[in-house]
Amino acid sequence: MNMKNTVGTLLEMKQRGEKISQLTCYDYSTARLLDQAGINTILVGDSLGMTMQGYDTTLPVTMEEMILYGRSVVRGCQNAFIIMDMPFMSYQVSVEQAVENAGRLIKETGANAVKLEGGAAVTGQIQAIVDSGIPVCAHIGMTPQSVNVFGGFKVQGKGEANAERVLQDALAVQKAGAFMCVLECVPPKLAGLITKKSEMITIGIGAGKDCDGQVLVWQDMLGIAGEFQPKFVKRFGEFGKLMTEAFQTYDAEVKSGAFPEEIYTYAKSDCSDAFLSQLDSKY
Ligand code: KIV
């Protein structure tokens, strides 16, 4: 039986040792499918800058764009818990701006929580957003909004000093009040330790199987993203190929006149031939 996922039901899943499913989503039609499939949580990720808008990074995405996509996702869901990504520079400038923008994302979309990137550096923002009544999902490890600091999309937490820093980030965001934390491109044993030491839910992407749940970008897992395929992406379907084949068949049938066949027309409501020839001679 499907029921609405909430912070409470998700935390109970962690306590019972049940895994939590999360996928990104940016539109109404896909959101309906994910919701019907029983996906627990949907992330309206700022990855939409890359998957929906064709940018190389997530940096250009604006608040207005997030709100537009987020609203469509919310309209498609009944049970999934919906998390809105806070776009680059919507929370870094000040704690006040972070609260204001988190409030807009919830108020103007109807989503359930916000996500922001960064560990110890953003605990002020996390605490203030949580204090204003908005659940927060943190995001540590490889944080795509810092791509220019990392010099590319690279695994984080390699080496002892970095591993300890990632653990410290996890403990800091948990202390600040985050109920969930995405661990991106974190080595699997380290992700397992963080999960064991956390009361918050850990959601892994490229972080191994010991996290409380997993997230993927839906276009990646169905093979409709571009050529680049991160190591952690498992293809659960080859929909890119299927879609291209269908578009090619449509193109060929339109051009040959094979489509539309009579069953795809309103032939039964047509005028008589006699009336059509009257019209033909009248005009
Ligand atoms: O923006 C996004 O889709 C994300 C996930 C990849 C975790 O942050």
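In listed order, ligands and their atoms are each counted from 1. Note that the coordinates shown come from a computational prediction; the quantities given were computed from them, not determined experimentally.
Taking distance alone, with nitrogen or oxygen atoms compared against 3.5 Å, T24 stays at or beyond that limit from ligand 1. For ligand 1, none of its N or O atoms has an N or O atom of E184 under 3.5 Å away. Taking any N or O of S47, backbone or side chain, at least one lies under 3.5 Å from an N or O belonging to ligand 1.
Shortest contact from atom 8 (O) of ligand 1 to any protein heavy atom: K115 NZ, 3.0 Å. Closest to atom 5 (C) of ligand 1, if we only count protein heavy atoms, is L43 CD2, 3.6 Å.
For E261, the CD atom sits in a packed shell: over 12 heavy atoms of surrounding residues, nucleotides or ligands are nearer than 6.0 Å. Heavy-atom contacts from other residues, nucleotides or ligands closer than 6.0 Å to NZ of K19 number more than 12. Atom NZ of K4 sits in a crowded spot, with more than 12 heavy atoms from other residues, nucleotides or ligands closer than 6.0 Å. With a 6.0 Å radius and a threshold of 12 heavy atoms from other residues, nucleotides or ligands, E100 has its CD atom at or below the threshold. Applying the 6.0 Å contact sphere to CD of E253 captures more than 12 heavy atoms from other residues, nucleotides or ligands.
Contact between E117 and ligand 1 is absent, with no heavy atom of the residue lying under 4.0 Å from the ligand.
With a 4.0 Å heavy-atom cut-off, ligand 1 is reached by no atom of I203.
Applying the 4.0 Å criterion to heavy atoms of I205 picks out, from ligand 1, the atoms 6 (C). Within ligand 1, counting atoms from 1 as listed, the ones closer than 4.0 Å to a heavy atom of G45 are 1 (O), 2 (C), 3 (O). Atoms of ligand 1 lying under 4.0 Å from at least one heavy atom of D85, given by number and element, are 1 (O), 2 (C), 8 (O).
A salt bridge is defined here as a Lys NZ or Arg NE, NH1 or NH2 lying under 4.0 Å from an Asp or Glu carboxylate O, and E64 with R104 meets this definition.
Side-chain contact, S47 with Y26: a donor N or O sits under 3.5 Å from an acceptor N or O.
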